[in-house]
Amino acid sequence: MMDQIPNVISVLRLFLIVPIAYGILYGRWAFVLVMLVIAGLTDLLDGYVARRFDWTSRFGEIVDPIADKVTFGGACILLTLVGIWPVWLLCIVLAREGVIVGGAAAYKLLFKSIDIEPTLLSKANTIILVSVIVLTVVAQIDFEYQEIAASGLEWWGGYGLVALFSIASGIDYVRLWGRRAFVEHKKQNSTDSSVLP
């Protein structure tokens, strides 16, 4: 029973998109910031608990990244809908996700098995994306340094970094899965050849 704690945390994080959506749509920015912090902390917590006590599972490996994508990807979409994030940036972020999901699906269809591990570049991309989402929310809160937070965005700042790392990590996944597919294809061909009379 205890070994399900990381999975429960991940599932609960999935539902954080509901209060986050409410906060963004109704301009409750301090509330959104608190929800995003909770999402980030629970992400760290379930990962730590799973590794510390070896409570890993196939379900957890699937639901954890889905929870991240729903929470932070959903925040990107909502910020664009209310006119805060630029449409071009959302298109780049979604295109990266489409490339990764489509590539993984094609690989599984061709080779039946798949083992997805985030690359170093992908981890950096996630950190930058989450940081810029948080900075975007902070820039909507009326406080002394609001203008400084807002100046960290734009295409040459936070938005540019998100675009750059999204494109770079998307290309990195294409390179990685392309190489794996080539190796797997060669392996299958050599196996087929060895069983021929």
Side-chain angles (χ1 to χ4, degrees), residues 1-21 23 31-79 93-94 96-138 158 161-162 164-181 183-184 187:
M1 184 65 178
M2 294 289 287
D3 61 352
Q4 294 302 310
I5 289 176
N7 294 341
V8 171
I9 295 173
S10 294
V11 170
L12 289 176
R13 193 165 73 255
L14 267 171
F15 292 99
L16 281 177
I17 190 58
V18 176
I20 288 172
F31 174 74
V32 174
L33 181 60
V34 171
M35 292 297 102
L36 289 174
V37 169
I38 291 173
L41 290 176
T42 54
D43 187 22
L44 293 174
L45 178 64
D46 67 17
Y48 170 77
V49 170
R51 289 188 299 271
R52 174 67 177 80
F53 299 102
D54 196 25
W55 289 343
T56 56
S57 66
R58 184 59 181 160
F59 176 81
E61 290 173 359
I62 294 171
V63 77
D64 182 62
I66 290 175
D68 290 341
K69 292 183 188 303
V70 168
T71 302
F72 298 109
C76 294
I77 293 171
L78 289 160
L79 288 169
V93 171
L94 293 182
R96 173 189 177 272
E97 296 303 323
V99 165
I100 293 173
V101 173
Y107 187 93
K108 184 168 178 61
L109 184 65
L110 290 170
F111 303 111
K112 307 304 179 188
S113 64
I114 187 169
D115 182 22
I116 299 177
E117 290 184 9
T119 64
L120 188 61
L121 194 54
S122 176
K123 290 178 181 178
N125 176 71
T126 300
I127 291 170
I128 289 169
L129 176 64
V130 172
S131 299
V132 172
I133 291 171
V134 169
L135 184 61
T136 303
V137 172
V138 169
L161 278 175
V162 170
L164 178 64
F165 273 83
S166 292
I167 292 170
S169 63
I171 292 172
D172 189 43
Y173 268 113
V174 170
R175 178 195 60 80
L176 174 66
W177 289 108
R179 188 175 63 190
R180 285 190 181 181
V183 170
E184 189 66 30
K187 189 189 301 182

Q: When you look at Leu41 and Leu45, which way does the side-chain contact (heavy atoms from CB on, under 4.5 Å) test go after all the steps?
A: CA-CA 6 Å; Leu41 290 176; Leu45 178 64; over 6 Å; no
Q: Are the side chains of Asp64 and Asp43 in contact, using a 4.5 Å heavy-atom criterion?
A: yes
Q: Please step through side-chain contact (heavy atoms from CB on, under 4.5 Å) for the pair Val11 and Phe59, ending with a clear verdict.
A: CA-CA 10 Å; Val11 170; Phe59 176 81; 4.1 Å; yes
Q: Only one of Ile133, Val132, Val134, Val138 forms a side-chain contact (heavy atoms from CB on, under 4.5 Å) with Thr136, so which one is it?
A: Val132
Q: Roughly how far, to the nearest 0.5 Å, is CG of Leu12 from CG of Asp46?
A: 10.0 Å
Q: Where is the tightest heavy-atom contact between Arg13 and Ala39, given as atom of each residue plus distance?
A: CD-O, 3.2 Å
Q: Under the side-chain contact (heavy atoms from CB on, under 4.5 Å) criterion, do Trp55 and Val49 qualify, and how do the steps go?
A: CA-CA 7 Å; Trp55 289 343; Val49 170; 3.5 Å; yes
Q: Does the side chain of Cys76 come within less than 4.5 Å of Leu129's, by heavy atoms?
A: yes
Q: Do you know which two heavy atoms are closest between Ala67 and Ser10, and how far apart they sit?
A: CB-O, 3.5 Å
Q: Less than 4.5 Å apart, side chain to side chain, heavy atoms only: is that true for Phe72 and Val93?
A: no
Q: Just verifying a value: how many Å separate Leu161 CG and Asn125 CG, rounded to the nearest 0.5 Å?
A: 10.5 Å
Q: What is the distance from atom CZ of Phe15 to atom CD1 of Ile20, rounded to the nearest 0.5 Å?
A: 13.5 Å
Q: Are more than 12 heavy atoms, taken from residues, nucleotides or ligands other than Leu44, located less than 6.0 Å from that residue's CG atom?
A: yes
Q: Side chains of Arg96 and Ser169: donor-acceptor distance under 3.5 Å anywhere?
A: yes
Q: For Thr126 and Asp68, which I'm curious about, is there any donor-acceptor pair between the side chains at under 3.5 Å?
A: no
Q: Shortest non-hydrogen contact from Ala124 to Phe165?
A: CB-CE2, 4.0 Å
Q: What are the two closest non-hydrogen atoms of Pro65 and Gly60, and how far apart are they?
A: CD-O, 4.2 Å
Q: Going from CD1 on Ile100 to CG on Leu176, what distance comes out if it is rounded to the nearest 0.5 angstrom?
A: 10.5 Å
Q: Could you pull out the closest heavy-atom pair between Val70 and Ile17, with the gap in Å?
A: O-CD1, 3.5 Å
Q: To the nearest 0.5 Å, tell me how far Thr56 OG1 sits from Asn7 CG.
A: 9.5 Å
Q: To the nearest 0.5 Å, how far apart are CD1 in Ile77 and CG in Leu94?
A: 5.5 Å
